[in-house]
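Quick caveat: nothing in here was measured; it's all calculated off a predicted structure. Heavy atoms only: backbone and side chains are in, while hydrogens, waters and symmetry mates are out.
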2 protein chains.
Amino acid sequence: MKIGELAQVAQCTVETVRYYEKEGLLSAPARTMANYRSYGELHVERLRFIRNCRALDMTHAEIHRLLGLMDQPAGDCGGVNQLLDEHIAHVDVRMAELSQLKQQLRELRQRCQSEQAMDACGILQGLASMETEPRHERQTHLG
Amino acid sequence: MKIGELAQVAQCTVETVRYYEKEGLLSAPARTMANYRSYGELHVERLRFIRNCRALDMTHAEIHRLLGLMDQPAGDCGGVNQLLDEHIAHVDVRMAELSQLKQQLRELRQRCQSEQAMDACGILQGLASMETEPRHERQTHLG
DNA sequence: ACTTGACCCTATAGTAACTTCAGGGTGTGC
DNA sequence: GCACACCCTGAAGTTACTATAGGGTCAAGT
């Protein structure tokens with residue numbers, strides 16, 4: 001199977017497939033005589049696995065860890081469970097951040113209910129007078 | 001006031017200030033004879049405004065729009081209100097996405113309650129067998 | 001006068017996960 | 001024999017910074 005077909009079954013672009021190969025997430029396949037990449041069923045499975053992880057917003061680093069764990073079939077899956085727990089914690093952190101953000105934005109929005117003169121706008125006044133806080137370290141890769 | 005002092009009152013780094021200047025968010029200040037940047041009260045106000053917008057997770061493009069609107073004091077603030085409404089909508093979209101994500105992750109996590117053999121792990125099985133969905137267009141810049 | 005240290009300058013590269021582009025080769029149907 | 005869809009590589013662009021290299025400035029201390 002050529003790269004276009006693989007991309008189609010995995011619902012991503014050809015460029016993304018090549019990028020995963022360069023990143024080491026997907027192993028380099030055999031080549032045809034025309035130097036075209038030639039994929040098999042195992043590549044399909046692995047790429048779909050990767051895309052499913054990405055759909056869950058895992059980073060490449062997390063997916064790398066996961067693939068490394070999977071490729072040691074002798075071990076148990078404790079590491080897999082732990083990785084998932086950590087990832088769920090990332091999502092929780094980001095949800096809490098956004099929730100607080102939304103509250104701040106709602107309060108700000110309340111300060112201007114109509115189309116005022118620019119220098120009377122409560123929103124602009126709010127943005128000018130907020131306590132400027134230092135940017136805190138991220139606890140999550142989720143933006 | 002030199003750049004280090006400005007950065008301190010605005011709770012950001014010197015590099016960030018220089019970056020904002022390059023981006024056109026902060027206007028280039030006068031220079032001392034030693035070629036040091038020399039800032040005044042207006043720069044302080046504008047930089048704090050920018051940092052407050054960033055604390056609310058606005059993009060530079062949004063901040064640019066906002067500064068452009070502010071700098072036309074003849075107009076009304078309808079555009080400001082609209083920008084804020086759009087930004088709040090971004091936050092809502094991302095919160096909904098994360099909420100769905102968390103549900104998916106919880107269901108996946110449920111599929112493995114103990115440290116099993118690798119090929120019996122319900123999480124890995126789940127990741128392998130999920131419906132692979134095409135990545136949808138982002139409705140929000142929030143990650 | 002000399003040095004140490006804190007501060008300033010520019011320009012460049014790195015981050016994450018791709019996307020886009022430039023410039024070219026391959027293979028099939030008419 | 002040519003158009004057109006597909007494939008190739010390598011480099012640059014995206015966002016909002018951060019970090020690094022390599023250098024200049026200035027005030028205090030010896």
Side-chain angles (χ1 to χ4, degrees), chain A residues 1-26 28-39 43 47 50-67 87 90 94 134-138 140-143, chain B residues 1-26 28-39 43 47 50-67 87 90 94 134-138 140-143:
Chain A
M1 152 183 338
K2 283 187 285 181
I3 195 169
E5 197 181 341
L6 175 66
Q8 204 169 5
V9 304
Q11 300 279 22
C12 68
T13 69
V14 164
E15 288 77 20
T16 299
V17 176
R18 284 197 283 250
Y19 174 65
Y20 287 167
E21 180 182 326
K22 198 160 56 178
E23 286 291 281
L25 284 176
L26 200 59
R31 298 287 183 128
T32 68
M33 273 184 311
N35 198 31
Y36 287 8
R37 288 170 178 81
S38 179
Y39 295 97
H43 288 102
L47 179 55
I50 295 169
R51 292 306 291 173
N52 288 338
C53 290
R54 288 292 301 134
L56 297 173
D57 262 353
M58 291 184 201
T59 62
H60 285 191
E62 286 173 317
I63 300 171
H64 254 303
R65 265 173 70 197
L66 216 42
L67 293 173
H87 185 55
H90 296 160
R94 185 57 179 158
R135 204 72 162 150
H136 50 287
E137 293 294 312
R138 322 222 77 202
T140 164
H141 59 83
L142 301 164
Chain B
M1 148 180 345
K2 284 186 285 180
I3 196 170
E5 196 181 340
L6 175 66
Q8 203 170 4
V9 305
Q11 300 280 21
C12 68
T13 68
V14 164
E15 289 76 21
T16 299
V17 176
R18 284 196 284 250
Y19 175 64
Y20 287 167
E21 180 181 326
K22 198 161 57 179
E23 286 290 280
L25 284 176
L26 199 59
R31 298 288 182 128
T32 67
M33 272 184 312
N35 197 32
Y36 287 7
R37 288 170 179 82
S38 179
Y39 296 97
H43 287 103
L47 180 54
I50 295 168
R51 292 305 292 172
N52 288 337
C53 290
R54 289 292 301 134
L56 297 172
D57 261 353
M58 292 184 200
T59 62
H60 284 191
E62 286 171 320
I63 299 171
H64 254 304
R65 267 174 68 197
L66 216 41
L67 294 173
H87 185 55
H90 295 161
R94 185 57 179 158
R135 203 72 162 153
H136 49 287
E137 292 296 311
R138 320 224 77 202
T140 165
H141 59 83
L142 302 165

Measure the shortest side-chain to side-chain distance between [X] and [Y] over non-hydrogen atoms and say whether it is less than 4.5 angstrom.
X        : Y        : result
Leu47(B) : Cys12(B) : yes
Arg37(A) : Leu6(A)  : no
His90(B) : Met58(B) : no

inquiry  = What's the separation between atom CD1 in Ile63(A) and atom CG in Asn52(A), rounded to the nearest 0.5 Å?
reply    =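 Answer for the CD1-CG pair, Ile63(A) versus Asn52(A), is 10.0 Å.
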inquiry  = Can you pull out the residues from residues 52-64 of chain A that lie within a 4.0 Å heavy-atom distance of DNA chain C?
reply    =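 When residues 52-64 of chain A is checked for heavy atoms under 4.0 Å from DNA chain C, the hits, listed by number, are Arg54(A), Thr59(A), His60(A).
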inquiry  = Applying ring-ring contact (aromatic ring centres under 6.0 Å, His included), can you list everything that pairs with His64(A), at least two apart in sequence or on another chain?
reply    =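 Once residues adjacent in sequence are excluded, His64(A) has no partner under the ring-ring contact (aromatic ring centres under 6.0 Å, His included) criterion.
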key: By ring-ring contact (aromatic ring centres under 6.0 Å, His included) - contacts of His60(A) (at least two apart)   =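 Only Tyr19(A), Tyr20(A) meet the ring-ring contact (aromatic ring centres under 6.0 Å, His included) criterion with His60(A).
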Pairs where residues 51-64 of chain B contributes a residue and the test salt bridge (charged side-chain N to carboxylate O under 4.0 Å, His left out) is met, not counting sequence neighbours =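 Listed once each, the pairs are Arg94(A)-Asp57(B), Arg135(A)-Asp57(B).
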Which whole-number value in Å describes the distance from [X] [atom1] to [N] [atom2]?
X        : N       : atom1 : atom2 : value
His90(A) : dA16(C) : NE2   : P     : 14 Å
Tyr20(B) : dA16(D) : OH    : P     : 9 Å
Met33(B) : dC8(C)  : CE    : C1'   : 15 Å
Arg37(B) : dG24(D) : CZ    : P     : 17 Å
Lys2(A)  : dC8(D)  : NZ    : P     : 9 Å
Asn35(A) : dG10(D) : CG    : P     : 11 Å
Glu21(A) : dG10(D) : CD    : P     : 11 Å
Glu5(A)  : dG27(C) : CD    : C1'   : 16 Å

query = By side chain to side chain donor-acceptor pair (under 3.5 Å), which residues pair with Gln11(B), not counting sequence neighbours?
reply =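 If we apply the side chain to side chain donor-acceptor pair (under 3.5 Å) test to Gln11(B), skipping adjacent residues, there are no hits.
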request  = Mind grabbing the angle between the end helix axes of the helix from dA1(C)-dT30(D) to dC30(C)-dG1(D)? Five pairs an end, 10° rounding.
outcome  =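 Roughly 30°, once rounded to the nearest ten degrees.
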ask   = So, is Arg51(A) near the phosphate of dC18(C), with a side-chain N or O under 4.0 Å from OP1 or OP2?
value =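 Answer is yes, contact under 4.0 Å.
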Test side chain to side chain contact (heavy atoms under 4.5 Å, CB included) applied to [X] - qualifying residues, sequence neighbours left out:
X        : value
Glu15(A) : Thr13(A), Arg18(A)
Glu5(A)  : Met1(A)
Ala7(A)  : Val14(A), Val17(A)

Those residues that, when tested against Arg65(B), pass salt bridge (Lys or Arg N to Asp or Glu O under 4.0 Å) (two or more places apart) =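 By the salt bridge (Lys or Arg N to Asp or Glu O under 4.0 Å) rule, Arg65(B) matches Glu86(B).
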Smallest separation among heavy atoms of Tyr39(B) and Glu21(B), with atom names =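 Here Tyr39(B) and Glu21(B) meet closest at OH-OE1, 3.8 Å.
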Minimum heavy-atom distance Ser38(A)-Pro29(A), with the two atoms named =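 Answer, listing the atom of Ser38(A) first, then Pro29(A): O-CB, 3.3 Å.
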Which pairs, protein N/O on one side and nucleotides 1-6 of chain C N/O on the other, fall under 3.5 Å?
none

query = When you check every protein heavy atom under 4.0 Å of nucleotides 19-25 of chain C, what one-letter string (B, S, -) results, 5' to 3'?
reply = SB----B
ask   = When you match Ala34(B) and Ala34(A) each to their closest nucleotide on DNA chain C, which lands nearer the 5' end?
value =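 Nearest-nucleotide comparison on DNA chain C picks Ala34(B).
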